[in-house]
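Contents: one structure, followed by commentary.
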Amino acid sequence: MSQLEALVVKVDDRLANLGDTLSLDGHIDQESFSLGDHTFMLPEGISYNLVLTNAGEGILVTGIVKAQAEGVCDRCLDPAHLDLSAEVDEYFLFEEPQAISEEQSDEEEGVDFSLVSDEDTIDVSEALLSALLMETPYIVLCREDCKGLCPNCGANLNEQDCGCVAKKEEQAALEGPFAALGKLDLNDVVLSAFVI
């Protein structure tokens, strides 16, 4: 997984009171990001539209992150273009929560949260990247009905039918266990049935 450049926001007087909000619109000149074995280029970077809200125990960050991503199709290896638009929803707590009981501690162990830093800042870049990754398909296709490459000759089946499938079916018909039945003359079989 890639990292975005830090996008640090100061939690100051604008977010001092419960219910205070701060809108952030902007752009990050990110060149690429990775998911699994895929690397996606971002020719236009990443744009975001966020609202930060003082929710009492922390700062709630909600909004939208968008990017035009370019990758490689998993089926035909042609370029694949993705329009990514993802919802951001991240909570930055002012203080780490105190576990009241062992049972609650076990439940909270799987809960992921971030904290407002000691300098009263939050870095929303990880929230933006996580949202983008959630919207990025793990199997990348240039189009939904991509036919891929011929496993025999490597031709791009979106551009032409190479004929390998027809040849393989024809060969299988000639060599299959019922190939001899294809050589039978059914007229001879019908006539011999009446001769008996």
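Bear in mind the structure is a predicted one, so any value in this text is a computation, not a measurement. Quick note: residue numbers are just sequence positions, from 1.
When hydrophobic residues (I, L, V, M, F, W, Y) are linked wherever their side-chain heavy atoms come within less than 4.5 Å, the members clustered with Leu141 are Ile139.
The two residues Ser23 and Val51 have their closest heavy-atom pair at OG-CG2, 4.1 Å. Annotation for Asp20 and Leu15: closest pair O-CD2, 3.5 Å, computed over non-hydrogen atoms. Smallest separation of non-hydrogen atoms from Tyr91 and Gly58: OH-N, 3.3 Å.
A donor-acceptor distance shorter than 3.5 angstrom exists from the side chain of Gln30 to the backbone of Ser32, with no hydrogens or angles considered.
Glu90 contributes atom CD, which lies 7.0 Å from atom OG of Ser130 (distance to the nearest 0.5 angstrom). Atom OG1 of Thr121 sits about 11.5 Å away from atom CD1 of Ile59, to the nearest 0.5 Å. Annotation: the span from Leu133 atom CG to Glu126 atom CD amounts to 10.0 Å, rounded to 0.5 Å. Considering CG of Asp25 and OH of Tyr48, their distance stands at 8.0 Å, rounded to 0.5 Å. Atom CG of Leu82 is separated from atom CG of Leu132 by 11.0 Å, given to the nearest 0.5 angstrom. Taken to the nearest 0.5 Å, the CG atom of Leu93 stands 11.0 Å off from the CD1 atom of Ile122.
Leu129 and Met134 fall into different hydrophobic clusters, defined by Ile, Leu, Val, Met, Phe, Trp and Tyr side-chain heavy atoms under 4.5 Å apart, directly or through other members. Placement of Val61 and Phe94 within a single hydrophobic cluster is found when ILVMFWY residues are connected by side-chain heavy-atom separations under 4.5 Å, directly or transitively. The cluster map of Ile, Leu, Val, Met, Phe, Trp and Tyr, joined by side-chain heavy atoms under 4.5 Å apart, puts Leu22 and Ile64 in different clusters.
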Which atom pairs, one a donor and one an acceptor, fall under 3.5 Å between side chains of residues 143-155 and the rest of the protein, sequence neighbours left out?
unit_1, atom_1, unit_2, atom_2, d
Arg143, NE, Asp145, OD1, 3.0
Arg143, NH2, Asn158, OD1, 3.0

For residues 37-47, which side-chain donor-acceptor pairs fall under 3.5 Å, sequence neighbours excluded?
unit_1, atom_1, unit_2, atom_2, d
His38, NE2, Asp74, OD1, 3.4
His38, NE2, Asp74, OD2, 3.4
His38, NE2, Tyr138, O, 3.3
Thr39, OG1, Ser34, OG, 3.4

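Considering only heavy atoms from C-beta on, Ile28 comes within 4.5 Å of Leu7 through its side chain. Asp120 is not listed as a side-chain neighbour of Asp12, based on a closest heavy-atom distance of 4.5 Å or more. Within the 4.5 Å cutoff, side-chain heavy atoms of Leu24 are placed close to those of Val9. Side-chain contact between Val72 and Pro79 is absent, with no heavy-atom pair separated by less than 4.5 Å.
Listed by chain and number, the residues in a salt bridge (charged side-chain N to carboxylate O under 4.0 Å, His left out) with Asp29 amount to none (sequence neighbours excluded). Take Asp78 and apply the side-chain contact (heavy atoms from CB on, under 4.5 Å) test, not counting sequence neighbours, and it matches Cys76, Asn156, Glu159.
Among residue pairs with one or both ends in residues 50-72, those qualifying as side-chain hydrogen bond (donor to acceptor under 3.5 Å, both in side chains) are Gln68-Asp83; sequence neighbours excluded.
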